[in-house]
Amino acid sequence: MRHLRITFVICFLAGILSSISAQDYNSINEDGEVTQARKRNRNDEEQNKKSEIPRGMRVWTVDEKFGDITPDEPDTLSYMFMNTIFTTGKYGEYNTTGNLGAIRQNRIFTDRPDYDDFIFDHGYDYFLTPVSDFHFTSTYSPITNLSLNSCGNRTNGEDHFKALFAVNAGKRIGLGFKFDYLYGRGYYQENSASLFNYSLYGSYLGDRYQAHFLLSTNHQKQTENGGITNDDYITSPERFNDSYTTAEIPTMLERNWNRNDNLHLFYTHRYSFGFNRKVPMTEEEIKARKFAIASQKENNAKKAKEEARRQAEKEDREFDEEEYDRQAAEDAKNATDTTPSDTTWTKNEYVPVTSFIHTAKFDNSNRIYQAYYTPENYYADTFNTLSRYEGDSLYDKTRHTILQNTFAIALLEGFNKYAKAGLKGFLTHEFKQYTLPDMETMSRSYNEQSLFAGGQISKTEGNTVHYNATGEIAVAGASLGDYFIDATADLNFPLFGDTIQLAADGFIHHYAPTFYYTKYHSRHFWWDNDDMKSVFHTRVQGRFSLQRTKTQLRVAVNDISNYVYFGTSYTVSGDQRLYNAAFARQSSKNISVLTASLDQKFRLGPVNLEAQVTYQKSTHKDIIPVPALNAYANLYLRFKIAHVLDCDLGADARYFTKYYAPDFVPGIAQFAVQENEESKVELGNYPIVNVYANFFLKHARFFVMMSHVNHSGDGGNAFLVPHYPINQRVFRFGISWNFFN
């Protein structure tokens with residue numbers, strides 16, 4: 001990885017120098033007069049126009065249930081690029097155990113997922129891309145993107161390398177693959193992380209038939225240290241006679257690992273009945289079409305010239321190339337150009353009226369907690385499972401498989417002026433299997449099958465009003481009686497020279513707690529909560545946005561009955577946290593969480609300021625602990641260097657008020673509420689400041705950064721999770737480069 005970093009940086013710097021040197025700058029002659037740089041030869045320009053390859057990529061996402069296409073923007077902006085590397089999120093809103101690649105949890109409760117079967121993947125949502133967020137592509141020429149961010153050295157460094165390749169086989173078939181590798185060695189003992197992803201995708205967008213395919217395989221391996229033994233190493237270092245580096249601070253665990261392996265398959269396709277109509281081409285389509293016509297003419301001319309040459313040789317006469325070129329140019333000049341003007345470029349568009357949809361999804365997930373050494377009395381309980389290892393060794397394993405098929409019929413929006421909304425009806429069949437250790441056998445499988453029926457009404461076209469409402473209910477099987485209603489709506493209108501958007505979204509979810517809350521078996525954690533009641537969760541959220549002034553106000557209210565969560569407790573003895581226990585809990589209380597957030601951006605010349613403030617109020621902080629205030633600020637100068645290099649030079653900070661942040665339990669890989677009153681740890685009231693320079697040149701983004709620049713060796717509550725310190729001051733750099741064939 002180190003050699004890869006060096007090679008990447010050298011190539012990138014060479015690209016910068018060549019790009020800057022290639023610009024047409026003014027020069028000064030011997031008399032001190034300013035003159036224009038040498039103009040390019042006109043013939044050279046014409047030749048360049050002929051050989052120019054059209055560039056561009058269209059990206060979209062697909063709905064996980066129906067395969068509906070939603071246009072999206074490719075990730076090519078340099079703005080905030082430096083913060084996309086952090087596990088803590090672009091605005092620092094996540095708690096994490098410290099290292100790049102570590103597990104995380106959102107401090108903003110309303111932004112957490114409400115329902116997920118395989119809970120062990122929750123904390124890796126920054127790495128595992130759900131189908132609904134995956135970018136499918138269509139390109140005018142092959143595109144490759146390479147990205148690398150790095151810091152540190154071979155002992156403690158962090159590296160994240162990503163590669164994306166996208167190509168089209170004709171205008172209908174898009175193909176590509178994504179490679180993602182993250183390796184964080186860790187600045188503290190036993191805290192390394194290794195994450196790997198490979199995704200292969202394809203799409204076919206025909207008039208009547210459309211299909212999307214995605215294959216993704218993932219591996220996450222996290223070394224677990226259980227946190228440092230004494231927080232005073234960070235908060236009060238003066239208490240110790242010696243000075244400790246981060247790698248010298250003792251931790252609770254060693255040779256303990258959490259490993260997840262996932263295989264995801266997704267395929268959605270539809271056949272539509274409809275009619276054809278003429279519509280204007282987009283600018284990119286016109287450019288690509290002109291390129292194709294010019295290329296075809298050039299190829300035809302070359303073939304004709306070669307045929308004339310062969311004919312001359314056959315007739316044993318000299319071929320006069322100059323005379324042939326002159327005559328060909330004269331013929332081309334006199335020929336009638338059949339290429340339409342820019343105002344008449346049209347294409348046939350097929351307008352679907354009714355679609356028959358099938359979507360299939362298969363997920364296979366494995367989770368292993370493995371340990372070769374466990375301190376004495378570290379766990380409160382030990383269960384006599386048929387373990388693969390004896391003594392202190394652990395090998396807790398669980399597997400989850402889900403196969404889901406959805407069949408739908410859709411009456412589509414917009415095929416005539418009276419079709420103001422789209423309608424869908426659907427059936428979904430689910431098969432789930434869970435495997436856990438058992439007291440009597442090595443493992444036991446639990447199977448569930450459910451049948452859901454539902455419908456959707458939506459309006460996505462137009463510029464003023466959009467809405468979407470989906471409802472489904474389990475009509476048979478293990479989930480009988482569960483139902484889910486989700487809705488979104490937005491209204492856009494101009495006012496006083498600005499565009500105002502009023503948006504709302506919400507849901508009503510009623511479901512039995514997911515499997516791992518009701519049943520979990522391992523060497524030291526065991527529960528069978530078959531009597532848990534169904535969860536009833538409602539969320540209402542509104543947004544008010546001003547486009548010109550870049551203001552956004554968000555207010556959300558969550559109301560939950562029979563909330564399920566994890567709790568943990570332990571006993572403190574000196575520098576040891578012993579008799580660790582964790583449990584799946586269900587609250588009988590009705591809990592409400594209020595969230596209010598303001599996002600504002602200011603600009604005055606080159607000076608830019610972005611501020612984001614979120615207020616939260618939980619009616620039961622002992623069950624859903626949240627900080628009252630979460631804030632982010634970013635102050636930077638935006639300017640150009642040598643007229644071609646965009647630069648953002650600034651500093652940003654993230655901050656939250658004190659609260660009893662959830663602890664992390666390595667044995668179940670979950671964040672859990674602190675339940676031991678005598679040893680509760682309060683975190684927060686500690687800003688984290690980064691300084692950075694963010695650049696953009698043609699097709700490349702890159703940055704340099706000093707993160708946690710405000711770190712002080714004199715103490716400070718530098719934790720996001722109890723007993724897991726934040727990395728100290730670290731120099732980082734990152735590059736993302738697009739290549740076009």
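What you see below is based on every heavy atom in this structure, not just the backbone, and it leaves out hydrogens, waters and symmetry mates.
A donor and an acceptor atom, one from each side chain of Arg185 and Asn156, are nowhere located under 3.5 Å apart. No side-chain donor from either of Arg638 and Asn608 sits under 3.5 Å from a side-chain acceptor of the other. A donor and an acceptor atom, one from each side chain of Ser78 and Arg701, are nowhere located under 3.5 Å apart. For the residue pair Asn106/Arg112, the side-chain donor-acceptor check at 3.5 Å is not satisfied. When only modelled atom types and interatomic distance are considered, Asn83 and Tyr632 share a side-chain donor-acceptor pair under 3.5 Å. No hydrogens or angles considered: nothing links the side chains of Thr88 and Thr96 as a donor-acceptor pair under 3.5 Å. With 3.5 Å as the limit, one finds no donor-acceptor pair spanning the side chains of Asp72 and Thr61. With no hydrogens or angles considered, a side-chain donor-acceptor pair links Gln541 and Asp505 at under 3.5 Å. Residues Gln222 and Tyr124 bring no donor and acceptor atom of their side chains to less than 3.5 Å of each other. Side-chain contact, Thr235 with Asn717: no donor N or O sits under 3.5 Å from an acceptor N or O. In summary, the side chains of His708 and Asn727 do not present any donor paired with an acceptor at a separation below 3.5 Å, with no hydrogens or angles considered. For the 3.5 Å distance criterion, the side chains of Asp599 and Ser597 fail to qualify, holding no donor opposite an acceptor. Side chains of Gln220 and Asn260: a donor on one and an acceptor on the other come within 3.5 Å.
Between atom CG of residue Asn145 and atom CG of residue Leu164 there is a gap of 6.0 Å, rounded to the nearest 0.5 Å. How far CZ of Phe639 is from CG of Asp648: 8.5 Å, rounded to the nearest 0.5 Å. Note that OG1 of Thr595 is 10.5 Å distant from CG of Asn630, once rounded to the nearest 0.5 Å. Atom NE2 in His723 sits 13.0 Å away from atom CD1 in Ile234 (nearest 0.5 Å). Between atom CG of residue Leu720 and atom OH of residue Tyr686 there is a gap of 10.0 Å, rounded to the nearest 0.5 Å. The CG atom of Leu502 lies 10.5 Å from the CG atom of Leu553; values are rounded to the nearest 0.5 Å.
Counting heavy atoms from C-beta outward, Ser216 and Asn218 have side chains that approach closer than 4.5 Å. In this structure the side chain of Asn197 reaches within 4.5 angstrom of the side chain of Phe127, judged on heavy atoms. Looking only at side-chain heavy atoms (C-beta outward), Thr246 and Pro725 stay at 4.5 Å or farther from each other. The closest side-chain heavy-atom distance from Asp663 to Tyr570 is below 4.5 Å. A 4.5 Å side-chain heavy-atom check between Ile623 and Val673 finds every atom pair outside the cut-off. Between Arg539 and Thr110, some side-chain heavy-atom pair lies under the 4.5 Å cut-off. When side chains are defined from C-beta on, Val607 counts as touching Leu635, because their heavy atoms get closer than 4.5 Å. Considering only heavy atoms from C-beta on, Tyr724 comes within 4.5 Å of Asn225 through its side chain.
Closest of all the heavy-atom pairs between Asn710 and Pro687 is ND2-O, 2.8 Å. Between Ala628 and Thr657, the shortest heavy-atom distance links the atoms N-OG1, 3.2 Å. Among all heavy-atom pairs drawn from Ile641 and Cys647, the shortest one is CD1-CB, 4.4 Å. Taking both residues in full, the closest heavy atoms of Phe656 and Gly684 are given as CE1-CA, 3.3 Å, listed atom of the first, atom of the second, then distance. The two atoms that bring Ala102 and Thr87 nearest to each other are O-CG2, 3.3 Å, heavy atoms only.
No donor-acceptor distance shorter than 3.5 angstrom exists from the side chain of Asn99 to the backbone of Gly101, with no hydrogens or angles considered. Side chain of Asp121 to backbone of Ile119: no donor-acceptor contact under 3.5 angstrom is found. Of the possible polar contacts, one joining the Gln674 side chain to the Ala661 backbone as a donor-acceptor pair under 3.5 Å is found. Remark: the backbone N or O of Val572 is not paired with any side-chain donor or acceptor of Ser679 at under 3.5 angstrom. Under the 3.5 Å distance criterion, the side-chain polar atoms of Glu158 are matched with a main-chain donor or acceptor of Leu100. With hydrogens and angles ignored, the 3.5 Å screen pairs a side-chain donor or acceptor of Arg729 with a backbone N or O of Val709. Distance alone, capped at 3.5 Å, is enough to place a donor-acceptor pair between the Thr619 side chain and the Ser592 backbone. The closest donor-acceptor contact from the side chain of Asn463 to the backbone of Asn492 lies at 3.5 Å or more, if one exists at all. A donor-acceptor pair is defined here as one N or O able to donate and one able to accept, closer than 3.5 Å; such a pair exists between the side chain of Gln189 and the backbone of Ile249.
Note on Arg554 versus Asp111: salt bridge recorded, some NZ/NE/NH1/NH2 to OD/OE distance being below 4.0 Å. Using a cutoff of 4.0 Å between basic side-chain nitrogens and carboxylate oxygens, Lys162 and Asp180 are not scored as salt-bridged. A salt bridge between Asp652 and Arg654 is present, with a side-chain N of the basic residue lying under 4.0 Å from a carboxylate O of the acidic one.
A distance of 6.0 Å or more separates the ring centres of His160 and Phe86. Here Tyr198 and Phe196 keep their ring centres 6.0 angstrom or further from each other. Ring-centre distance between Tyr181 and Phe161: not below the 6.0 Å cut-off.
A side-chain contact (heavy atoms from CB on, under 4.5 Å) with Tyr692 holds for exactly one of Met706, Arg732, Met705; it is Met705. Shown are Phe177, Phe165, Phe134; of these, the ring pair (Phe, Tyr, Trp, His ring centres under 6.0 Å) with Tyr201 is made only by Phe134. When each of Phe719, Tyr188, Tyr244 is checked for a ring pair (Phe, Tyr, Trp, His ring centres under 6.0 Å) with Tyr233, only Tyr244 meets the rule.
Other residues, nucleotides and ligands contribute more than 12 heavy atoms inside 6.0 Å of the CD atom of Glu238. Within 6.0 Å of NZ on Lys550 lie no more than 12 heavy atoms contributed by other residues, nucleotides or ligands.
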Exercise. List the steps, then state whether side chain to side chain contact (heavy atoms under 4.5 Å, CB included) holds for Asn191 with Thr251.
Key: CA-CA 10 Å; Asn191 200 31; Thr251 58; over 6 Å; no
Practice problem: Take His711 and Val730, measure what side chain to side chain contact (heavy atoms under 4.5 Å, CB included) needs, and give me the verdict at the end. | Solution: CA-CA 10 Å; His711 164 73; Val730 178; over 6 Å; no
Exercise. Assess whether side chain to side chain contact (heavy atoms under 4.5 Å, CB included) is satisfied between Ile108 and Tyr91, documenting all intermediate values.
Key: CA-CA 11 Å; Ile108 312 302; Tyr91 301 101; over 6 Å; no
Exercise. Go through the steps for Gln616 and Tyr659 under the test side chain to side chain donor-acceptor pair (under 3.5 Å), then give the verdict.
Key: CA-CA 12 Å; Gln616 294 183 99; Tyr659 80 115; over 6 Å; no
Self-check item: Evaluation steps, side chain to side chain contact (heavy atoms under 4.5 Å, CB included), between Phe81 and Ser736
Solution: CA-CA 9 Å; Phe81 172 55; Ser736 180; 3.6 Å; yes
